[in-house]
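Notes follow once the structure below has been shown.
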Amino acid sequence: MELSGMIRTTRDHTSWDMKIFQVKVQKNGYCSTIPFACLIVFSILIIVSIVPQKSVIFKVNEGDAKIKVLAGGAAQTDDTISEVLDSGNVSYQQLLNELFAPGFDKGSCLSRYEAILYRKPSPHKPSLYLIAKLRTYESLHNHCGPYTESYNKTLEQLKSGRNIGTTGCNYVVYTPLSGLGNMMLSVASAFLYAFLTNRVLLVEFGREIADLFCEPFPNTTWLLPMDFPLRNQFENFRQEYPRTYGNMLKKRIINISMKSPPPAFLYLYLAYNIDRYDELFYCDQNQDQLQKVPWLVIKSNQYFVPSLFLVPSFHQELSKLFPDQETVFHHVGRYLFQPSNEAWGLITRFYQAYLSKADERIGIQVRVFDTKTTPFQTVMDQILSCTLKDKLLPEVLDVHNSVASLSNNQSLKAVLVTSLYSEYYEYIKGMYWTRPTVSGEVIGVFQPSHEEHELYGNKMHSMKAWTEIYLLSMSDVLITSSWSTFGYVAQSLGSLKPWILYRPFNGTTPDPPCVQAMSMEPCFHFPPRYGCKAKVNIDEGAIVPHVKHCEDVGWGLKLVKDH
């Protein structure tokens with residue numbers, strides 16, 4: 001007898017899914033000779049096919065889409081399973097683990113469907129609550145997105161400068177500051193804030209950035225329209241700009257007890273150099289006031305998520321969205337930042353050519369902030385000290401004993417070096433090319449690009465940077481540089497706890513050279529210090545167990561798992 005495991009998902013009037021097993025009996029098979037055994041098998045299959053699987057209806061808020069949760073399985077929307085199963089080689093469960101809504105056009109974003117063929121499955125599954133809320137947000141974005149009727153009505157308020165009542169749609173507009181890594185971290189932070197406050201996120205990207213990513217939300221866009229009325233003010237939007245929320249509080253143009261209608265828009269300056277008045281954004285009483293403003297424009301280059309976890313009114317919702325606190329950017333980043341087809345082509349071609357055949361992939365990300373005060377050899381010695389000490393890379397035989405002994409260990413390790421400079425790649429490649437390893441392992445060393453200088457507003461430069469971030473995230477082991485947002489994005493997307501190279505000072509190699517990160521979350525470099533209740537500066541890294549100081553930035557904050 002030959003049993004085929006063909007399963008079809010059906011829906012009957014009792015609202016449960018049934019597995020229908022098809023049994024094919026060969027003419028000359030065992031059923032012709034052992035009928036009693038076949039009868040038993042058929043009986044078991046019939047019983048299995050008619051036992052209903054329990055399901056739970058998971059409802060977030062009134063009016064939200066319902067999510068059906070199969071017992072022991074993952075969430076499913078009621079009407080889109082077949083679309084996903086028909087879309088290619090991607091199963092519904094795999095797509096769900098990546099948080100994506102079904103129904104996207106596969107050809108418009110190949111990476112959304114193909115990424116799981118290149119990277120290891122994530123050990124961190126999203127909460128069912130997060131999945132349900134994402135579907136609810138997508139409905140909100142479709143209703144309130146650019147050029148919808150609701151968007152146009154809210155825009156009229158912005159043009160008139162008067163807040164004349166709610167249209168049911170409120171917005172966060174993100175404007176960029178600094179490089180690609182900073183931008184991705186702050187966009188994720190702005191999205192989470194919009195998520196928590198029932199707002200729609202719109203992003204103001206230059207063309208060189210917009211082309212890097214797929215649209216994250218189905219049947220709409222997250223790109224701020226070119227005719228947005230405040231665009232001509234963005235160039236002047238800095239900390240000293242009079243219309244920032246902090247400056248308006250400082251000059252008492254507005255205050256949290258004001259009874260008059262709130263303004264139609266406010267600028268929130270949340271960058272590295274915020275002052276005490278800007279920091280009031282993180283206070284609960286100020287959030288009550290901001291909730292009434294239809295348009296909030298955020299300028300930031302920071303990953304300010306850890307401080308959102310310290311706002312009391314957000315705490316309960318965040319704990320349901322992210323029961324494991326160190327997975328915030330891992331889930332939000334994977335959801336928002338899927339490589340465009342052009343970027344995906346660069347990523348997959350490099351991976352297939354140089355990394356796919358390796359038994360282990362090791363990423364080394366080198367960020368040097370000042371080449372004058374940080375000599376090449378100092379950094380190179382630090383990299384080798386870290387990788388050899390922690391056995392991340394094998395030692396090589398002495399130059400006088402360069403004939404490798406026969407070894408059963410012939411595994412291949414691929415080392416991916418990313419840096420603006422080529423010297424680090426050349427040194428490591430030369431070391432493993434000219435001398436065999438003590439362990440017998442074969443080491444291949446590769447570098448996609450070395451641009452020498454960081455360029456802003458250059459599409460190909462940004463495309464190469466995004467390619468390298470993504471390739472680093474596909475590593476099995478990762479070594480990153482202190483303070484580097486480039487490395488933070490890679491580690492979180494890849495679910496990696498990297499070895500962080502301490503920042504050298506005075507041209508000397510730090511001792512120890514590196515430390516393994518306590519979580520995969522990025523660091524918030526310049527968090528607020530002002531205590532909303534205490535009315536004085538406080539240590540925000542000592543308030544709750546899941547917000548700690550960073551390994552590489554002593555005053556910074558990062559999320560860790562609350563044990």
Side-chain angles (χ1 to χ4, degrees), residues 145-147 151-152 154-163 170-191 193-194 199-213 215 221-251 253-254 262-281 290 293-304 336-337 453-463 465-466 485-486 525-526:
Y147 304 117
Y151 172 85
N152 292 335
T154 315
L155 208 60
E156 289 304 314
Q157 294 188 30
L158 187 60
K159 291 176 181 177
S160 68
R162 293 182 297 114
N163 186 346
N170 293 322
Y171 299 86
V172 167
V173 175
Y174 169 80
T175 62
L177 183 67
S178 304
L180 181 63
N182 294 79
M183 185 218 70
M184 294 177 71
L185 295 178
S186 50
V187 166
S189 304
F191 175 69
Y193 178 66
R199 292 175 178 271
V200 167
L201 173 70
L202 298 176
V203 291
E204 192 255 329
F205 289 154
R207 189 66 184 168
E208 78 284 356
I209 299 297
D211 288 343
L212 304 188
F213 309 114
E215 288 280 0
T221 182
W222 67 338
L223 299 177
L224 185 71
M226 293 301 296
D227 59 358
F228 184 68
L230 299 181
R231 269 188 180 272
N232 59 352
Q233 298 183 28
F234 289 169
E235 188 69 26
N236 301 318
F237 180 19
R238 295 182 290 273
Q239 187 185 38
E240 62 273 16
Y241 190 61
R243 288 205 62 120
T244 66
Y245 183 55
N247 284 327
M248 294 177 78
L249 288 172
K250 186 189 301 184
K251 296 172 183 177
I253 299 172
I254 59 173
F265 71 95
L266 282 172
Y267 283 110
L268 301 174
Y269 187 80
L270 303 177
Y272 67 98
N273 57 340
I274 59 172
D275 64 15
R276 174 180 168 178
Y277 289 93
D278 296 318
E279 289 178 356
L280 294 175
F281 164 80
L290 292 170
V293 181
W295 292 89
L296 297 177
V297 182
I298 291 179
K299 174 159 280 192
S300 178
N301 58 359
Q302 296 292 296
Y303 183 67
F304 56 85
L336 290 177
F337 303 116
H453 302 285
E454 191 168 3
L455 304 175
Y456 297 105
N458 183 291
K459 176 183 173 179
M460 186 46 65
H461 180 84
S462 299
M463 190 74 73
W466 176 215
T485 55
F486 195 100
H525 285 171
F526 296 97

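The figures here come from the full heavy-atom set of this structure, side chains too, leaving out hydrogens, waters and symmetry mates.
Evaluation of the ring pair (Phe, Tyr, Trp, His ring centres under 6.0 Å) rule for Phe337 yields Phe213 as partners, not counting sequence neighbours. Under the salt bridge (charged side-chain N to carboxylate O under 4.0 Å, His left out) criterion, Arg231 pairs with Glu204, sequence neighbours left out. Shown here are the side-chain contact (heavy atoms from CB on, under 4.5 Å) partners of Leu266, two or more places apart in sequence or in another chain: Tyr245, Met248, Ile254, Pro263, Leu290, Val293, Leu296. Contacts of Thr175 classified as side-chain hydrogen bond (donor to acceptor under 3.5 Å, both in side chains), with partners at least two apart in sequence or in another chain: none. Scanning for side-chain contact (heavy atoms from CB on, under 4.5 Å) contacts around Ser186 gives Tyr174, Ser300, with sequence neighbours left out.
Each salt bridge (Lys or Arg N to Asp or Glu O under 4.0 Å) pair with one or both residues in residues 240-250, not counting sequence neighbours, appears once here: Arg238-Glu240, Lys250-Asp275.
A tilted orientation is assigned to the rings of Phe237 and Tyr267, their planes being inclined by 30° to 60°.
Here the CZ-CG distance, from Phe526 to Asn273, works out to 9.0 Å after rounding to the nearest 0.5 Å. Taking CG from Leu270 and CD from Gln239, the interatomic distance works out to 11.0 Å, rounded to the nearest 0.5 Å. Between the CE atom in Met463 and the CG atom in Leu212 there is a gap of 5.0 Å [rounded to 0.5 Å]. Considering CZ of Phe304 and OH of Tyr193, their distance stands at 8.5 Å, rounded to 0.5 Å. Tyr277 OH to Asn247 CG: the interatomic distance, rounded to the nearest 0.5 Å, is 10.5 Å. Separation of atoms OG1 (Thr244) and CD1 (Ile274) is listed at 11.5 Å; rounding is to 0.5 Å.
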Discussion item. Between Tyr269 and Tyr241, is the ring-ring contact (aromatic ring centres under 6.0 Å, His included) condition met? List the steps.
Written reply: CA-CA 9 Å; Tyr269 187 80; Tyr241 190 61; over 10 Å; no

Item to complete: Might you work through the side-chain contact (heavy atoms from CB on, under 4.5 Å) test for Trp222 and Leu336, ending with a clear yes or no?
Response: CA-CA 10 Å; Trp222 67 338; Leu336 290 177; 4.1 Å; yes

Item to complete: Go through Leu158 and Tyr171 one step at a time and tell me if the side-chain contact (heavy atoms from CB on, under 4.5 Å) criterion holds.
Response: CA-CA 11 Å; Leu158 187 60; Tyr171 299 86; over 6 Å; no

Item to complete: Could you please spell out the steps behind the side-chain contact (heavy atoms from CB on, under 4.5 Å) verdict for Tyr303 and Thr485?
Response: CA-CA 9 Å; Tyr303 183 67; Thr485 55; over 6 Å; no

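Considering all non-hydrogen atoms of both residues, Pro229 and Lys159 come closest at CG-CG, 3.9 Å. Across every non-hydrogen atom of Trp295 and Arg199, the tightest pair is N-NH1, 4.3 Å.
Within the 4.5 Å cutoff, side-chain heavy atoms of Leu223 are placed close to those of Val203. The side-chain heavy atoms of Val187 and Phe205, taken from C-beta on, include a pair separated by under 4.5 Å. Taking the side chain as every heavy atom from C-beta outward, Tyr151 and Pro225 approach each other to under 4.5 Å.
For OH of Tyr147, the number of neighbouring non-hydrogen atoms (other residues, nucleotides, ligands) closer than 6.0 Å is greater than 12.
Remark: side-chain polar atoms of Asn182 are not paired, donor with acceptor, to backbone N or O of Leu177 under 3.5 angstrom. Gln157 places no side-chain N or O within donor-acceptor distance of the main-chain N or O of Pro294, the cut-off being under 3.5 Å.
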